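Okay, structure first, notes after.
Predicted, not measured: the structure shown is a model, and the values here were computed from it. Every chain is numbered from 1 and lettered A, B, ... according to where its sequence line falls, protein lines coming before strand lines.
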Protein chains: 2
Amino acid sequence: MSDNFFGEPDAAGPKRKRGLGVVTAYSTLKREILELKIPPGSLIDEVKLTERFGMSRTPIREALVKLASDGLVVTLPNRSTVVAPIDFFELPQFFDALTLMYRVTTRLAAANRTDEEIAAIRALQAEYAVAVAAKDVSAMIEVNRDFHAEIARAGKNRYYCDLFERLLDEGRRLLRLYYSSFNYELPRIYLDEHEEIVAAIEAQDVDRADRVAEAHADQIVRQIQAYVVTDRRINTGLPLRGNARPSGAASKER
Amino acid sequence: MSDNFFGEPDAAGPKRKRGLGVVTAYSTLKREILELKIPPGSLIDEVKLTERFGMSRTPIREALVKLASDGLVVTLPNRSTVVAPIDFFELPQFFDALTLMYRVTTRLAAANRTDEEIAAIRALQAEYAVAVAAKDVSAMIEVNRDFHAEIARAGKNRYYCDLFERLLDEGRRLLRLYYSSFNYELPRIYLDEHEEIVAAIEAQDVDRADRVAEAHADQIVRQIQAYVVTDRRINTGLPLRGNARPSGAASKER
DNA sequence: TGTATATTTACTGTCGACAAAGAATGTTTT
DNA sequence: AAAACATTCTTTGTCGACAGTAAATATACA
């Protein structure tokens, strides 16, 4: 909703409902980190957030602790906390886990779905189609995440849901990194693959769900890999600019 | 180390090193929750912890936020926080995820292990053998967890490690629940299975690692299931005592 | 001028206190 | 006596302030 990061205070309300402080700071910061409004590697200044949200440092800190548990920020002891950098050397691990979770959650959804859940999944698939038609990349990224998260929820395994949502969120950051170089051909492929996934889940065909989910995961992994390679060629010339590592964004203070 | 829960203060030191407050409270409470020294469903009193650890409420609260992120405590808004109850209805989900993580981490370990990691794993296996010989159930539970966590670490996938450790910890609580009805025949079976797992990892045989890991997981799942069924027959007579649900322990204040 | 040391600065970790929300208790009314 | 209401009490969420730590800056020394 709010576009400001270093801008004017969010919570103009004179008094917030007791207990909403942490939730507000947490959800707002989480959204902004995942949407790259706060770039990876940024220093997080507690006092600035204090002024921005109009609350004390205590709820801000508790929100940061939660974000640290989610892996979205990293806390240096007695030093500032920074937004978790995107580590390209961890990408293979990420792809492996993402693919496995795609498969497992889709399998479970095929096994355990109810009719209501199929309806909810279909609704999100329709939303995704709208985003593709409108070429709204941002909406595509968000709805795609919600689509798969809904499938996972239909699988009804809390442990898989938690890990999968974490992976999907990390994927959101990656996709947004390559926002500009987005290929408008792929979303249509995804649309078809989504359709197959929904069909397999509706038919309660576990093996088929597994296959199409894996194919879909491969597709997405290849897309991101292509982006990374492309980006490396264009921007990340190590010897040309003296950067040691293409891991996190540099600080920008001073 | 410390056996007290409502006992004397832990941190008798006049001044703690700056920054250790949260870590102390977090790790201590986590250990006590996992060892069932603080039973599931217990109310957590912040002020009592304040007195016990000799620190302010702020670090205590931050520790509780972390524990909540780990799923070890549940926070009721504007109400007290309680130690996460053990939900028997979620057991099938737990077993499913646990089995998958056993397989995946062992596979990855077989693929990515170094010689040093094999040595570390073997050392823990030896420790386990000692615990079995001594019939030290508590040590068996702890070392078994460390053994598999070390294997996962050799697999070098952060996402799997995090989820697996969470599952292993939850398993610790379950096993301790049935501490008394422990069957001394099983640990020897586990010992042999561990041996096979280590051999497969050392031989870098991924498929074999997968098979033995799955067999081991099945064994453990069956053990816990047997315990649960047994326990239900003995203790959990719903209509006999008027309890609504066998989920969490009742409060004991007042 | 370059290096080592002292000082300042900025920010974090912690503390004690206050106020709101809910639970427990007491009171009034029918 | 039971129910509705008011009051007290306990506990949480939040606040402002202080002290310690590490970086940044200034100073001394070779």
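Listed by chain and number, the residues in a ring-ring contact (aromatic ring centres under 6.0 Å, His included) with B:Y128 are B:H194 (sequence neighbours excluded). For the side-chain hydrogen bond (donor to acceptor under 3.5 Å, both in side chains) test, residues two or more places apart in sequence or in another chain that qualify with B:R172 are B:E142, B:D169. With sequence neighbours left out, A:Y102 forms a side-chain hydrogen bond (donor to acceptor under 3.5 Å, both in side chains) with no residue at all. Every residue two or more places apart in sequence or in another chain that forms a side-chain hydrogen bond (donor to acceptor under 3.5 Å, both in side chains) with A:E90 is listed here: B:R158.
Between the side chains of B:S138 and B:R176, a donor-acceptor pair is found at a separation under 3.5 Å.
Protein atom NZ of A:K48 is 12 Å distant from nucleotide atom C1' of C:dA10, rounded to whole Å.
When atom types are taken as modelled, the side chain of A:Y160 and the backbone of A:L108 share no donor-acceptor pair closer than 3.5 angstrom. Panel note: side chain B:S80, backbone B:L76; no donor-acceptor pair is recorded below 3.5 Å.
The stretch residues 74-82 of chain A comes close to DNA chain D through A:N78, A:R79, each having a heavy atom under 4.0 Å from the strand.
Ion pairing between B:R113 and B:E150 fails under the 4.0 Å rule for side-chain N and carboxylate O.
Counting any heavy atom pair closer than 4.0 Å across all strands shown, A:L64 reaches no nucleic acid atom.
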Distances under 3.5 Å between protein N/O atoms and the N/O atoms of nucleotides 14-17 of chain C, please, pair by pair.
unit_1	atom_1	unit_2	atom_2	d
C:dT14	OP1	B:G19	N	3.4
C:dT14	OP1	B:G21	N	2.9
C:dC15	OP2	B:S56	N	2.4
C:dC15	N4	B:T58	OG1	3.3

